[in-house]
Amino acid sequence: MAEISINGSSYQVDDDRTILSAASELGYDIPTLCHHSVISDCGACRVCLIENKKSGNLMPSCTTKVADGMVIETENKRLRRARKTVIELLLSDHPNDCMTCEADGNCELQDLAYEFGIDEPPYGGFKEEPRFTIERDNPFIEHDPDKCILCGRCTRVDQEVQCSDAIEFVERGFAAKVGAALKKDLGDEDSSCVFCGQCVEICPTGALSYAPSLGEGREYQLKKTETTCGYCGVGCKLELKSRNNKVVGAGSIYRDNLPNPDGEACVKGRFGYEFIDHPDRLTKPLIKDKESGEFKETDWEEALDYVADNFRRIKRDHGAEAFGALCSARCSNEENYLIQKLMRASIGTHTIDHCARL
Amino acid sequence: MAKVSSPRDLEQYQKQAKAARDKIETFITMCGGTGCEGSGCREVIKEMDEKLAEKNLQESISLKVTGCQGFCEKGPLMVIRPAGNFYCNIQPDDVEEIIEKTVLKGESISRLEYQDPETEEKILKEEDIPFYQNQERLVFKNNGYISPTRIEDYFSVDGYSGLVEALFNMSQEEVIEEVVNSGLRGRGGGGFPTGQKWKLTYQEDSDPKYVICNSDEGDPGAYMDRSILEGNPHLVLEGMMIGAYAIGASQGFIYVRAEYPLAVKHINIAIEQAREWGLLGENILGSGFSFEVEIMEGAGAFICGEETALMASIEGKRGMPRPKPPFPATSGLWGQPTNINNVETLGNVPLIIKNGADWFNSIGTENSKGSKIFSLVGKVNNTGLIEVPMGITLREIVFDVGGGIPGGKEVKAVQSGGPSGGCIPKDLLDIPVDFDRLSEVGSIMGSGGLVVMDEDTCMVDVAKFFLDFTQDESCGECPPCRIGTRRMLEILNRITSGEGQEGDIELLERLGEDIIDTSLCGLGQTAPNPVISTIQYFKDEYEAHIYDKACPAGVCQDLIYYNIIEEECRACDRCRRVCPVEAIEGEPGGDPYILYDDICIRCGNCIEECPFSAIEIVPGQKE
Amino acid sequence: MELELERVDEIVEKNKEEAQKKSPLIPVLQDIQKTYGWLPEEAMKRAARKLGVSLASLSGVASFYNEFRLKPLGENHIVVCTGTACHVRGAPLLVAELERNLDIKVGQVTEDQKFSLETARCVGSCAVAPVILVNGEFHGNMTKKKISDLITELE
């Protein structure tokens, strides 16, 4: 245990934790940008600085461990000025386009600008001319480096959680940005990006967004439904986002004891929701008209009778081994249980498989 | 090759090396450092080699190519011993005469002697030249005597005796104690007490531990570490080994700039030799201490001089620093306890162990002990590398060692500490050079760059130069450094191009303070220093740029104009011919020429060309 | 131009063997550049595979350090030192002169591939400032006049 003083009050805290985690738990609100619970900390953004009263230095609370006898302040005039300058500098290299930005209302930079009451950065205002081009080479992720604050959350989640090693900082200093292999785009043939979307989820600004969700609604306009991904047997938790009864995105849920506690997903879980509202999706049974060869809508009673009759006929003429069933991860466990029961008990075949094995 | 396997063996070899040296009648030491290479010493050396062979003199006369002797300004340099003749600016054509006259007959060649720029007096011997006279050469002591590529030469100056002393007569704690007591502080810029650093790493209970020699000397205008590695690599190796023994490390790294090919070559040779002789490897000299060294060539990033960035680079990553704590002593290379020292720091270590802490302690000021090597450059007569005792004044450095300012100009300021340092104005030149005094006046000791500036140097331009450097070398990790230095540079660019506004100075000061306060590593935390210190001492120059739209020093191109002085112009037509943009008009032999300011690009060609000094630079913008 | 990519394999093997405790990654890139004069994409890909590192991290490292070039140089490579000493002794004028003379900017290659121009941070020959390097060779106490002579000679 370590005894530390925060803003004049003394506390006993575990000595292996960071100032940020100890102070947050004690109810002190320290702003952050590059910190995220599922990745390591790097101390880069300088927004979570606290003042060490003994050394007189400002230190990042996310990477500095508590130590016995430490005296710190999380809020004072010097810190407010320091944090404000950092945010002003970030904004001076950021377009002032919140009105049309996809991330409006879901942007940590915007929140901090509001909190610190910044009208216009005093160093020549907002960024007027873009320094980069927007990368739109693939159908899933759009990357606008001009909105990037180089917090590195995306590269860390890519490297530490998803382990795709698809993105890294490229270049250096003011020219630095996040880039894929050979400084090309995410969708390039040399890129190892698997389009899990975790970088988009973790991005604190509008630098990374889901291409299919563009223009489909701001975060605060969307209804969120927690669900289990239906694609495979892992059972990842996802948050489906919908607007006007239409699914427009699949977000991450960060929670312990999930199969995907760090918000992991694969490209199918993340982007494969279009079928839900697809016009080709069948909502009523169809039976093929033998003469015209065309499918015609029918009711469930007739359809099920039709199937049952044909099952009987095939079993009689060709035996149970003529049957095979392929069931779906998109059905519930109960439904999957029932289909194998139907196959084994009623029809008498073991030829059953499931799409999650693919 | 015989291996040295005990202290006794080493003593034997040292004796042999000394005896062999004493046998030779005449020594010619020729500086082969990078500075002299730039002035063509290789041709002179080649010529000398050939001539000695031709005359069958190789037996009695030894030509030794040494590392940097410091007086780069006068290169190529040669000292003929034991007579002691010092020759400078030698050309291959001079070689024949040198051998015939000086080497064989003992006559001096006046043409090649050093001439004092002040008194215009010729000076015969090295030790009488003011440049050398006022120095205190400890680390550099042997640079001019030994060949850096021969370990025997290092033996001949009692090389590796410090290692023996540490390994056989001292415990790890005693070595650390000795270094603590010596008061040695890091020479790379930070000035942290070396012994303390060792103690922290020693106290960590973890294996393995590493030692790193930081030779990523990146400050523009500073090259002392390069010269030590080039001229006396075994000294650094010995210092590293003593440090490794003290903290309990068995693996070391030397991180050296790839831009220093000669230094890389010499340190590689030294490591090979040390291995061959049993001074590196398992069970060194039978002491039970084992040590290996690897070289890592930097790939050109100033930030890698920062210790955590340097370690990231050895680990094969982008050289991005990380916050401290944890300090390298606790968690360094590959997460293990690591001790990083700079080349010059390590070069002091064998001397301290050999001569004792008290000896070292007796040199310098209260909190800054020993000597410091500076690279004295800029507007000063004697440029080169100097090693002076701590506590010497800047004035002594500039005028006694440096021989004053060329062209009868006046000194305006001295910049110390490179891009992390500040400019010290001429009325503070009497302060003693030590860690504390320099930081009191807003600069730092830094790694040892001293740039002398005269009245023709624009202080706003100098601040801009350094900031341009740091913002270009910023790794980009933290916003204050990445964006903040960029914004400061934009403001400076505005000021020097005539678009400065009221409030710019205050904005620079405020932003500078915040960058210092909030940046992640030493680069950002010191980057605004050149701006802040020039504002502190030369605010009037900033104001002249902003309000009068004039550059008083005549440097900033948008705030000066060229003027042909009618009375001086003889219409010789030379200026017109060299003007790349046809900004000058006139008839040869006719009226004084006319210079069109709106066309002129201020390239300086005409001023250089005019034999009558008829073209002047006028501060301000032409009406 | 066909690259002999087998040389990349040799470079990786050699550096893996030599590096005891340091990472071979940067030395491999340095050797590739020594071999080809720059870092061709194909060589980077091969090296990443051989080293077992991601291509993204290799390109991240390659683009971080000044030494690495992601495009080839001109036949004659001119580097102007812009260290402090060279700066106060007129290096910016030399850069301007070279840019004018070669009609390229710093970091570019002339159309005929004959010249490329770069600036360097202090090459450590401050005493003979200003300094330029032509194909690695030092030229001290440079003047604009000497530069035009040099270029004429090289053309």
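Crowding of Glu506(B) atom CD: a count of heavy atoms from other residues, nucleotides or ligands under 6.0 Å exceeding 12. Within a 6.0 Å sphere centred on CD of Glu502(B), heavy atoms belonging to other residues, nucleotides or ligands number 12 at most.
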Let me see the working for Thr63(A) and Arg322(B) under side chain to side chain contact (heavy atoms under 4.5 Å, CB included), right down to the final yes or no. CA-CA 9 Å; Thr63(A) 57; Arg322(B) 56 162 183 74; over 6 Å; no
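Pairing each heavy atom of Gly43(A) with each of Leu520(B), the nearest pair is O-CD1, 3.3 Å. Nearest heavy atoms, Ala44(A) versus Cys478(B): O-CB, 3.1 Å. For the pair Gly476(B) and Leu150(A), the tightest heavy-atom approach, listed with the atom from each and the gap, is O-CD1, 3.8 Å.
When each of Leu507(B), Thr485(B), Ile303(B), Leu511(B) is checked for heavy-atom pairs under 4.5 Å with chain A, Leu511(B) comes out on top. With respect to chain A, the highest number of heavy-atom pairs below 4.5 Å among Pro326(B), Pro321(B), Ser474(B) belongs to Ser474(B). By number of non-hydrogen pairs under 4.5 angstrom with chain B, the leading residue of Cys45(A), Ser92(A), Ala82(A) is Ser92(A). Of the listed residues Arg510(B), Lys324(B), Glu490(B), the one with more heavy-atom pairs under 4.5 angstrom with chain A than any other is Arg510(B). Annotation: maximal heavy-atom pairing with chain A below 4.5 Å, among Cys521(B), Gly319(B), Pro323(B), occurs at Pro323(B).
Judged by distance alone, the side chain of Arg318(B) and the main-chain N or O of Phe169(A) form a donor-acceptor pair under 3.5 Å.
Rounding to the nearest 0.5 Å gives a distance of 8.0 Å between CZ of Phe174(A) and CD of Gln471(B). Atom SG in Cys42(A) sits 8.0 Å away from atom CE in Met320(B) (nearest 0.5 Å). Expressed to the nearest 0.5 Å, how far SG of Cys151(A) lies from CD of Glu477(B) amounts to 11.5 Å. Rounded to the nearest 0.5 Å, atoms CD1 (Ile483(B)) and CG (Leu91(A)) are 9.0 Å apart. Rounding to the nearest 0.5 Å gives a distance of 12.0 Å between CG of Leu58(A) and CD1 of Ile516(B). Here the straight-line distance linking atom CZ of Arg172(A) with atom CG of Asp472(B) works out to 6.0 Å at 0.5 Å rounding.
Counting heavy atoms from C-beta outward, Arg46(A) and Asp517(B) have side chains that stay 4.5 Å or more apart. Residues Glu168(A) and Lys317(B) form no side-chain contact, since every pair of their non-hydrogen atoms from C-beta on lies 4.5 Å or further apart. Side-chain contact check for Met59(A) versus Pro325(B): some heavy-atom pair is nearer than 4.5 Å.
A salt bridge does not link Glu88(A) to Arg487(B): none of the charged side-chain nitrogens sits closer than 4.0 Å to a carboxylate oxygen.
Interface remark: Leu90(A) contributes backbone and side-chain atoms alike to the contact with chain B (heavy atom separation under 4.5 Å). For Arg78(A), the part sitting under 4.5 Å from any heavy atom of chain B is the side chain, from C-beta outward, and nothing else.
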